[in-house]
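Here is the structure we will look at.
Bear in mind the structure is a predicted one, so any value in this text is a computation, not a measurement. Just so it is clear, the values below take in all heavy atoms, side chains as well, and ignore hydrogens, waters and symmetry mates.
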Amino acid sequence: MDADSDVALDILITNVVCVFRTRCHLNLRKIALEGANVIYKRDVGKVLMKLRKPRITATIWSSGKVICTGATSEEEAKFGARRLARSLQKLGFQVIFTDFKVVNVLAVCNMPFEIRLPEFTTNNRPHASYEPELHPAVCYRIKSLRATLQIFSTGSITVTG
């Protein structure tokens, strides 16, 4: 591959995880009985609620903390979280949408070439760690960005941060 050739890499965001608080106690039994698309995990003390548009899954605790996963952008995550808060309001809870925060973003990228993981690890030793007996990828940590890259020999890279 030439050094002069420009290859555009597509970085695709696959998951955005966000949290918010409702500032009220939630009765999980009532949500499970009256809510739509709900799975009640009584042994763990949480409720899973799924929305179709945007396609997100929310984990709801009785304390009022809610974690939303599955969105593909920050705007979609916030829109889904607000829709979820609205559906809890319609069930009769005094929900106040507060403390919204994106806590994790997962993206994937495919390189147009394969990567030799042992050589890559020795050249980037303080940041990269490779344990082929435990995991097939190199774990590359960027502390300034608070991101972790999983680099596979096929050229596939997963970015979490």
Side-chain angles (χ1 to χ4, degrees), residues 1-22 28 31-32 35-85 87 99-161:
M1 194 165 136
D2 292 338
D4 296 335
S5 64
D6 290 334
V7 177
L9 295 175
D10 290 332
I11 299 173
L12 186 69
I13 296 175
T14 57
N15 191 10
V16 176
V17 181
C18 64
V19 296
F20 72 94
R21 296 200 174 272
T22 60
L28 298 182
I31 295 170
N37 297 325
V38 174
I39 301 168
Y40 186 25
K41 305 264 186 177
R42 199 172 94 207
D43 54 327
V44 187
K46 66 182 179 182
V47 168
L48 299 176
M49 183 181 279
K50 296 188 177 199
L51 295 179
R52 288 192 183 138
K53 196 168 186 181
R55 187 180 295 270
I56 65 166
T57 301
T59 306
I60 305 168
W61 280 275
S62 61
S63 65
K65 183 178 181 181
V66 182
I67 298 177
C68 299
T69 61
T72 56
S73 68
E74 185 178 348
E75 295 81 25
E76 189 176 295
K78 188 162 190 172
F79 178 69
R82 291 188 68 80
R83 274 200 64 206
L84 194 96
S87 66
D99 299 336
F100 176 83
K101 185 166 78 167
V102 173
V103 292
N104 198 358
V105 177
L106 183 87
V108 294
C109 174
N110 288 316
M111 294 292 178
F113 51 85
E114 292 185 356
I115 301 169
R116 293 185 192 97
L117 298 182
E119 291 175 23
F120 179 83
T121 306
T122 55
N123 292 337
N124 298 287
R125 182 49 72 188
H127 303 290
S129 67
Y130 180 48
E131 297 291 333
E133 296 86 15
L134 301 176
H135 190 60
V138 170
C139 183
Y140 187 88
R141 298 186 194 278
I142 305 171
K143 290 189 179 178
S144 61
L145 299 176
R146 289 177 34 193
T148 302
L149 285 76
Q150 296 290 324
I151 304 169
F152 294 89
S153 62
T154 59
S156 176
I157 299 174
T158 304
V159 183
T160 309

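Applying the side-chain contact (heavy atoms from CB on, under 4.5 Å) rule to Arg125 yields the partners Thr121, Thr122; only residues at least two apart in sequence or on another chain are considered. Residues meeting the side chain to side chain donor-acceptor pair (under 3.5 Å) test with Glu114, sequence neighbours left out: none. Applying the side-chain contact (heavy atoms from CB on, under 4.5 Å) test to Ser63 and every residue at least two apart in sequence or in another chain returns Trp61, Lys65. Evaluation of the side chain to side chain donor-acceptor pair (under 3.5 Å) rule for His135 yields Gln150 as partners, not counting sequence neighbours.
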Donor-acceptor contacts under 3.5 Å from residues 47-55 side chains, at least two apart:
none

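Leu106 contributes atom CG, which lies 10.0 Å from atom CG of Leu12 (distance to the nearest 0.5 angstrom). Atom CG of Asp99 sits about 10.5 Å away from atom CZ of Phe20, to the nearest 0.5 Å. Going from atom CG of Asp10 over to atom CG of Asn110 covers 9.0 Å, rounded to the nearest 0.5 Å.
Between the side chain of Asn104 and the backbone N or O of Val17, no donor-acceptor pair lies under 3.5 Å.
Using a 4.5 Å cut-off on side-chain heavy atoms (C-beta onward), Phe120 and Tyr130 make no contact. Using a 4.5 Å heavy-atom threshold, the side chains of Ile60 and Lys46 count as separate. Between Leu149 and Cys139, the closest side-chain pair of non-hydrogen atoms is not below 4.5 Å.
Gly155 approaches Ile115 most closely through the heavy-atom pair CA-CD1, 4.0 Å.
For Ile11, the CD1 atom counts as loosely surrounded, since its 6.0 Å shell holds 12 or fewer non-hydrogen atoms of other residues, nucleotides or ligands.
A side chain to side chain donor-acceptor pair (under 3.5 Å) check over residues 69-83, counting only residues at least two apart or in different chains, returns the pairs Thr72-Glu76.
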Take Val105 and Ile13 through the test side chain to side chain contact (heavy atoms under 4.5 Å, CB included) and record every step on the way to the result. CA-CA 7 Å; Val105 177; Ile13 296 175; 4.0 Å; yes
